[in-house]
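We number each residue from 1, following the sequence as shown. Note that the structure is predicted; figures quoted are calculated from it, not measured.
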Amino acid sequence: WLKNKLVISMALPSEHSGGTAHVLPAERAKCSFDVEVMTRIFSSASADRDAKDSFKQLFSGEPFSSAEMRDYMSYEKRFEATLQRTAAAVAIVRDPKNRKFMMSHMAGKVQMGDMFETGGLGIHFTMFLTFIKTNASEEQQKVWLERAQEGRFFGAYAQTELGHGSNVRGLETVAIFDRETDEFVIHSPTLTSLKWWPTGMYACTHGVVMAQLVIDGKGYGFHGFMVQFRDDNGNLMPGVEVGELGPKINPDNTNIGYARFSHVRIPRFNMFAKFQQVTRDGNYVAPPPKLEKFRYISMMQIRMMLVGASFRALSHAATIAVRYSCVRRQGFKDTSGQGAATTAENAVIDYRVQQYRTFRALATAYCFYFSAMYMNRYLSRIQSAVSNGTGEERDSAAAEMPELHATLSGLKVWSTLYAHESIEDCRKACGGQGYLRSSGVCALSTDFTEPATVEGEQVILSLQTARFLIKAAAEAAAGRAVVGSVEYLKVAPLPLVQTTSWQGQTQLLLDLFRDRAARFARKLAAGFQKERSQGKAFDVALNAVAILAYKAAECHSLYVMVNNNHRALMEFVEPGNERKAAERLLDLLLLIRLREQAGDWLGVLTESALDAANDRINELLSEIRPDCVGLVDAFGWSDSELKSTLGRYDGNVYEAIYGEAKKSPLNENPKMLGWEHLQPILDIEFLREGMKLQRAGLRSAKL
């Protein structure tokens, strides 16, 4: 009796309860697979997840807990609080009793961003460290690497300029070799040569500065140079101007900077010299041609991380939207009769369009994760060859760089664009509550504008992918070998597909996306060659087919993603209910993209096949519905990671929403803040009359 009474009380709203605590446990009971098994797939190993959870205890309390109130902080306070957290975290890492965490962090098993709000200085532990590892000579690493790993100094990656972004060959900052003093002179000759947008720069002591190397008036292309920004008192070094850019779309970004250099002299030693050097007498020793592109390895690392960031952000948004849609009730189940208002209300998740929106986001997040698994392995192998490989292994890695660069450029673009689109749709799917920053999904929508913007504008990066596709399609047409992600160019076109059922047709769907990628790559190559045959220069011809190139890059990138998703399921997920659940998501994603871009398959799919695709989408939405909470639970995100009132694991969303609202500084005093400004323009006598007529009291009133 007591147990039944407790269940009933959980399901009924009261003065202090939203009455929703029973909802998500009931949803979890419907799940067709073992959530713990699926969670281990996402955490790689259960030990990693357990270790991460245990390490989080090191970063509890102040100053880490101050991040909860950052929305109420001033710009300066947000920045200062970020530095306080960073300094405290570094002290924790250096403490000998926390050596286990330090080793896990250095091994890449846990990230600082998993522990606390790192702010812009997180770039030091990613892009800056990667550049040292892959571009510094042994002698330079002895001086810089260990200190950088331990946070003894902090570094930015200063490449983008006020007037130059993706066109890195057009950078204007110069590094002129002074043979007499054995120094490089780093100089910003124009306003447009200011370094602009480097994350973390304002708080960094050093930076990798990309500049055009000049010796005796001759240019040798852009190279990386280690430049110190601040002295031992935090003041700027002579000739260095560093500043912060001011407010951006994401209000938490208080540490994105700019830099100007006025004849800053640095030792010759400070030019990154793993593959190329400048001798004491000013001779330039060029890297082997195959290794020249290794200078881009840090950019590739960041682009790979942005694919991972797309998974992380979208999986957060999907978790929040799915859980809240299960909890939220909206609309009576029977609106036809006179007693409609007395019937139960629908769970929002049971509306078909809500399923389409949220499950689409869920399926895309799964795809990002599994695709990133493959690409991370690929990039790690290349990085290992660059850092530690033999000459032959480096040559082999260099031969793969064009494809890796092209594919990562495309994946960065389309993973961030798809994620940003779906995150915003998840926010809208949460209704009015999605407008609150405390929802978690509102902040995701604004914050993700950064990954969608940084490290290469979407069209420019897509055209880099397109250049590779043009070359690969020409090679395939000439009968020469093409490998890796463009092997599909060797496959014959599909015949007309007339299927009337898409159940169990995952491979056919993958073949259709492969066929589309090949068709658009060939169309692009043919269009480009037509322009070239008219005597147009390469870049003029590419611009003439740019719209088609952008589309071909999307087709290639999406095929790489879904194909990697499928391969990962076959390789990393054992046959059983877990794989079936993940396969349903992949099928749903493929069919939704097929439906939304149906024009791309004109002449390949019959109308009846497209109609069948719509039917199968509806079937899959119904099949995924009982699993949806289990599928988001499998991501393993804790409430502290989600930072969401709507996505709470326990489903107590209304208590959380009200609790967050009460934290507003405006609610600290019952008297209205600023009343003295409003009072002179009000009809005070009218208010006093109302005071006589209105009061509080129960008496015999009943609800």
- Check for a donor-acceptor pair, side chain of Glu244 on one end and backbone N or O of Ile256 on the other, with a separation under 3.5 Å. yes
- Lys/Arg-Asp/Glu bridge criterion (N-O < 4.0 Å) met for Asp587, Arg584: no
- Task: Identify, with sequence neighbours excluded, every residue that meets side chain to side chain contact (heavy atoms under 4.5 Å, CB included) alongside Arg179.
- Result: Phe177, Ile215, Asp216, Arg280
- Note on the structure: Here the salt bridge (Lys or Arg N to Asp or Glu O under 4.0 Å) pairs for residues 403-415, sequence neighbours left out, are none
- Ignoring hydrogens and angles, tell me if any N or O in the side chain of Asn564 forms a donor-acceptor pair with the backbone of Val560 under 3.5 Å. yes
Atom pairs and distances, side-chain donor-acceptor, residues 473-484, under 3.5 Å, sequence neighbours left out:
residue	atom	partner	partner atom	Å
Glu475	OE1	Arg480	NE	3.0
Glu475	OE2	Arg480	NE	3.4
Glu475	OE2	Arg480	NH2	3.4

- Evaluate the criterion side-chain hydrogen bond (donor to acceptor under 3.5 Å, both in side chains) for residue pair His124 and Tyr157; output intermediate values, then yes/no. CA-CA 8 Å; His124 167 85; Tyr157 185 83; over 6 Å; no
- How would you list all residue pairs meeting side-chain hydrogen bond (donor to acceptor under 3.5 Å, both in side chains) that involve residues 519-529, not counting sequence neighbours? Asp515-Arg519
- Message: When you measure from the side chain of Gln276 to the backbone of Tyr284, do you find a donor-acceptor pair of N or O atoms at a distance under 3.5 Å?
- Response: no
- Residues at least two apart in sequence or cross-chain that pass ring-ring contact (aromatic ring centres under 6.0 Å, His included) with Phe513, listed by chain then number, are Trp601
- Under 3.5 Å: donor-acceptor pair, side chain of Glu531, backbone of Phe528: no
- Kindly check if the number of other-residue, nucleotide or ligand heavy atoms within 6.0 Å of CG (Leu610) is above 12? yes
- Got a salt bridge between Glu554 and Arg516, using NZ or NE/NH1/NH2 to carboxylate O under 4.0 Å? no
Can you list, pair by pair, the side-chain donor-acceptor contacts under 3.5 Å of residues 537-552, counting residues two or more places apart and other chains?
residue	atom	partner	partner atom	Å
Asp539	OD1	Arg467	NH2	2.8
Tyr550	OH	Gln458	NE2	2.9
Lys551	NZ	Asp600	OD2	2.7

- Judged by atom type as modelled, is there a donor-acceptor pair below 3.5 Å linking the side chain of Glu241 to the main-chain atoms of Arg260? no
- Task: Answer yes or no: are there more than 12 heavy-atom neighbours, outside Gln507 itself, under 6.0 Å from its atom CD?
- Result: yes
- Message: Going by salt bridge (Lys or Arg N to Asp or Glu O under 4.0 Å), name the residues that satisfy it together with Glu583, two or more places apart in sequence or in a different chain.
- Response: none
- Query: Are any side-chain N or O atoms of Arg268 and backbone N or O atoms of Val278, one a donor and one an acceptor, separated by less than 3.5 Å?
  - Reply: yes
- Query: What residue pairs, at least two apart or across chains, pass ring pair (Phe, Tyr, Trp, His ring centres under 6.0 Å) with a residue in residues 469-505?
  - Reply: Tyr488-His556, Tyr488-Tyr559
- Message: Suppose we screen for side chain to side chain contact (heavy atoms under 4.5 Å, CB included). Which residues come up paired with Ser193, at least two apart in sequence or across chains?
- Response: Glu161, Glu172, Thr173, Ser188, Pro189, Thr190
- Message: For the NZ atom on Lys471, are there more than 12 heavy atoms of other groups (residues, nucleotides or ligands in this structure) within a distance under 6.0 Å?
- Response: no
- Do any N or O atoms from the side chain of His420 and from the backbone of Phe448 form a donor-acceptor pair under 3.5 angstrom? no
- Query: When you measure from the side chain of Lys248 to the backbone N and O of Asn253, does any donor-acceptor pair fall under 3.5 Å?
  - Reply: yes
- Query: Counting only N and O atoms by type, is there a donor-acceptor contact under 3.5 Å from the side chain of His223 to the main-chain atoms of Gly221?
  - Reply: yes
- For Leu602, enumerate each residue passing the side chain to side chain contact (heavy atoms under 4.5 Å, CB included) test, keeping only those at least two apart in sequence or located in another chain. none
- Query: In chain order, what residues pass the side chain to side chain contact (heavy atoms under 4.5 Å, CB included) check against Ser409, with sequence neighbours excluded?
  - Reply: Arg303, His405, Leu461, Gln464, Thr465
- Message: One thing to verify: whether Arg377 and Glu571 come together as a salt bridge, which I'm taking to mean a side-chain N less than 4.0 angstrom from a carboxylate O.
- Response: yes
- Message: Please check if the number of heavy atoms outside Phe468 that lie under 6.0 Å from its CZ is greater than 12.
- Response: yes
- side chain to side chain contact (heavy atoms under 4.5 Å, CB included) with Phe225: of Asn270, Val264, Ile266, only one passes, and it is Ile266
- What residues form a salt bridge (Lys or Arg N to Asp or Glu O under 4.0 Å) with Arg616, not counting sequence neighbours? Glu619, Glu623
- Query: Yes or no on side-chain hydrogen bond (donor to acceptor under 3.5 Å, both in side chains) for Thr606 and Gln498, after CA distance, side-chain angles and deciding distance?
  - Reply: CA-CA 6 Å; Thr606 62; Gln498 305 181 67; 5.7 Å; no
